[in-house]
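In what follows, a single structure is set out as structure tokens and then discussed.
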Amino acid sequence: MKKSHKLSSYMLISSLFLSACATPVSGPDDNENEVIRLGHLPITHAAPLYFTKEFEEEYLDGAEIELIRFGSWIELMDALNAGRIDGASVLFELAMKAKERGIGISAVALGHREGNAIMAAHDVESPADLAGETVAIPHTLSAHNLLLDEMLKREGMDYDDVNVVEMPPPEMPSALSEGRISSYIVAEPFGALGVTLDTGHVLHQSHEFCPNNCLCCALVLRDDFMEDSPELAEQFVKGYLDAGERAGEQTEESFAAHKNYLNVTDEALELSLDWISYDNLKIYETEYEFLRERLIEMGLADDPPSYEDFVDLSYFEEET
């Protein structure tokens, strides 16, 4: 496997991302404004949240958004499940599992569409080359794990033909350059970083394996927040949907907003945004059912919530 001599650069990037996740949950707002507390990891897939915060005066009438960064999906889900935050941009599959276990949350919109590259070392030319090798994913309950399984199945391989490990996303480009892994599948911008830093290449993109879309990240809100503050919830989600359209623009304003939350080069950010779409964040039943069935097939969930029980589209205008 090809080794890179840019390890110090990768380590720096990893440390920047990890340090950015250390912000603690804050206390009540000093100005006594209504505050919506929302969790996220520093990834491009959470961009609509960033843009809603950046332009909150435009989208919210006097209320404020407090974005709380977490270092892992487990920490984020613990806070969401315990009610320490009102909602989050989170892996769809993790949220479904929480709902299955009785946590009162609902998915109200997507975080993005597409933008999940399967990255591989330079000497890996096809999925068959990964037999016996190590592949990193961010979490077992993720679109990235399902993508891995789908890719292997189409190659005539079994899931057990590769060694699957969970790894923090910021570590993945450097792990690939060091030869500790041969492939990784993760949220952006880490795939784009792997390309721009030349640690590896794109083996496949997610759109090759899912009908219409591989559901990855969703905006979920706690049911008690929506019930206690219905007007604020509606105002926020509608602002979020408008902000999503802004997030995909490759303008100076857009790049500046992204980089307020992500330590990433312009080159990697531009590539990342080429792969991602934020234009249509509505969750459709067909794509949800595909995800639900795959979770059951892989033994990752016994009884995932139905579309009607988990997806709340009340904030979207009715289609004519």
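This one's a predicted model, so the numbers in the text were calculated from it and none came from an experiment.
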Look at the aromatic rings of Phe236 and Tyr240 and report parallel, tilted or perpendicular, splitting at 30° and 60°. tilted
Leu295 side chain reached by Leu291 side chain, heavy atoms, under 4.5 Å: yes
Please check this pair: side chain of Asp149 against backbone of Leu146, looking for a donor-acceptor N/O pair closer than 3.5 Å. no
Beyond-backbone contact of Leu232 with Ile36, side-chain heavy atoms, under 4.5 angstrom: yes
Can you tell me how far apart CG (Leu176) and OG1 (Thr199) are? Round to the nearest 0.5 Å. 4.5 Å
When rounded to the nearest 0.5 Å, the distance separating CG of Leu193 from CG of Asp198 is 12.5 Å
Heavy-atom count around Glu231 CD within 6.0 Å, excluding the residue itself: above 12? no
Ignoring hydrogens and angles, tell me if any N or O in the side chain of Glu100 forms a donor-acceptor pair with the backbone of Asp302 under 3.5 Å. yes
Side-chain contact test, heavy atoms from C-beta onward, threshold under 4.5 Å: evaluate it for His112 versus Trp275 and give yes or no. no
Side-chain heavy atoms of Leu141 within contact of Trp73, under 4.5 Å: no
Using a distance-only test with no angle check, is there a side-chain donor-acceptor pair under 3.5 angstrom linking Ser277 and Glu114? no
Under 3.5 Å, side chain of Ser254 to main-chain N/O of Gln250, donor-acceptor pair present? no
Ring-face cation contact, Phe209 with Arg154, 6.0 Å cut, 45° max: no
Hey, is CD on Glu57 packed in by over 12 heavy atoms from elsewhere, all under 6.0 Å? no
What are the two closest non-hydrogen atoms of Tyr50 and Leu41, and how far apart are they? OH-O, 3.2 Å
Quick one about Glu54 and Asn260 (side-chain donor to acceptor, distance below 3.5 Å, no hydrogens or angles considered), yes or no? yes
Nearest 0.5 Å, what's the OG-CG distance between Ser72 and Asp78? 7.5 Å
Quick one: do Tyr159 and Ile185 end up in the same hydrophobic cluster if we chain Ile, Leu, Val, Met, Phe, Trp and Tyr together by side-chain heavy atoms under 4.5 Å apart? yes
Main-chain N/O of Leu80 paired with Arg222 side-chain donor or acceptor, under 3.5 Å: yes
Drop me the distance from Met96's CE to Leu91's CG, to the nearest 0.5 angstrom. 12.0 Å
Quick check for you: to the nearest 0.5 Å, what is the distance between Arg37 atom CZ and Ile85 atom CD1? 11.0 Å
Quick check: does any side chain N or O of His144 sit under 3.5 Å from a backbone N or O of Ala187, one acting as donor and the other as acceptor? yes
Does the distance from a Lys or Arg side-chain N to an Asp or Glu carboxylate O, for Asp223 and Lys99, drop under 4.0 Å? yes
Do Tyr278 and Leu273 make a side-chain contact, defined as non-hydrogen atoms from C-beta onward lying under 4.5 Å apart? yes
Could you walk me through whether Ile181 and Met167 pass side chain to side chain contact (heavy atoms under 4.5 Å, CB included), step by step? CA-CA 10 Å; Ile181 59 175; Met167 181 177 289; 3.9 Å; yes
For Ile276 and Gly115 the tightest heavy-atom approach is CG1-CA, 3.7 Å
Residue pair Ile103 / Lys97, side-chain heavy-atom distance below 4.5 Å: no
Can you tell whether the side chains of Arg292 and Asp303 come within less than 4.0 Å, N to carboxylate O? yes
Shortest non-hydrogen contact from Ala143 toward Cys216: CB-CA, 3.8 Å
Tested for side chain to side chain donor-acceptor pair (under 3.5 Å) against Ser272, the lone hit among His45, Glu188, Glu267 is Glu188
Evaluation steps, side chain to side chain contact (heavy atoms under 4.5 Å, CB included), between Leu152 and Asp161: CA-CA 8 Å; Leu152 294 174; Asp161 288 340; 5.7 Å; no
Salt-bridge criterion met for Asp279 and Arg113 (N-O under 4.0 Å): no
Side-chain contact test, heavy atoms from C-beta onward, threshold under 4.5 Å: evaluate it for Pro138 versus Met172 and give yes or no. yes
I'd like to know if the side chain of His258 reaches the main chain of Ala47, judged simply by a donor and an acceptor atom lying under 3.5 Å from each other, with no hydrogens or angles considered. no
One should read off an interatomic distance between His204 NE2 and Leu148 CG, to the nearest 0.5 angstrom, of 11.5 Å
Are Arg294 and Glu150 within salt-bridge range, i.e. N to O under 4.0 Å? yes
Within the supplied structure, the quantity of interest is the number of heavy atoms (other residues, nucleotides, ligands) at a distance under 6.0 Å from Glu297 CD; does it exceed 12? yes
Considering non-hydrogen atoms only, spot the tightest contact between Leu262 and Ile43 and give its length. CD2-N, 3.6 Å
Atom CG of residue position Asp61 - does it have more than 12 heavy atoms of other residues, nucleotides or ligands inside 6.0 Å? no
Show, in sequence, the C-alpha distance, side-chain angles and deciding distance for Leu130 and Glu155, and conclude whether the side chain to side chain contact (heavy atoms under 4.5 Å, CB included) test is met. CA-CA 11 Å; Leu130 293 174; Glu155 191 71 15; over 6 Å; no
I'd like to know if the side chain of Asp242 reaches the main chain of Gly239, judged simply by a donor and an acceptor atom lying under 3.5 Å from each other, with no hydrogens or angles considered. no
With heavy-atom distances below 4.5 Å as the criterion, would you say the side chains of Ser183 and Val124 are in contact? no
Let me see the working for Ser306 and Asp309 under side chain to side chain donor-acceptor pair (under 3.5 Å), right down to the final yes or no. CA-CA 5 Å; Ser306 68; Asp309 288 341; 3.2 Å; yes
Residue pair Pro170 / Phe190: nearest heavy atoms and the distance that separates them: CA-CE2, 3.6 Å
Checking the side chain of Asp312 only, and the main-chain atoms of Val108 only, is there a donor and an acceptor separated by less than 3.5 Å? no
I need the minimum non-hydrogen distance between Asn81 and Ala98, along with the two atoms involved. OD1-CB, 3.8 Å
Under the 3.5 angstrom rule, does the side chain of His201 hit a backbone N or O of Ala121 as a donor-acceptor pair? yes
salt_bridge(Lys53, Glu56) N-O dist < 4.0 Å: yes
His40 vs Leu38, side chain to side chain contact (heavy atoms under 4.5 Å, CB included): CA-CA, chis, key distance, verdict: CA-CA 7 Å; His40 71 100; Leu38 300 160; over 6 Å; no
Say whether, by atom type as modelled, one donor and one acceptor occur between the side chain of Tyr184 and the main chain of Ala175 under 3.5 angstrom. no
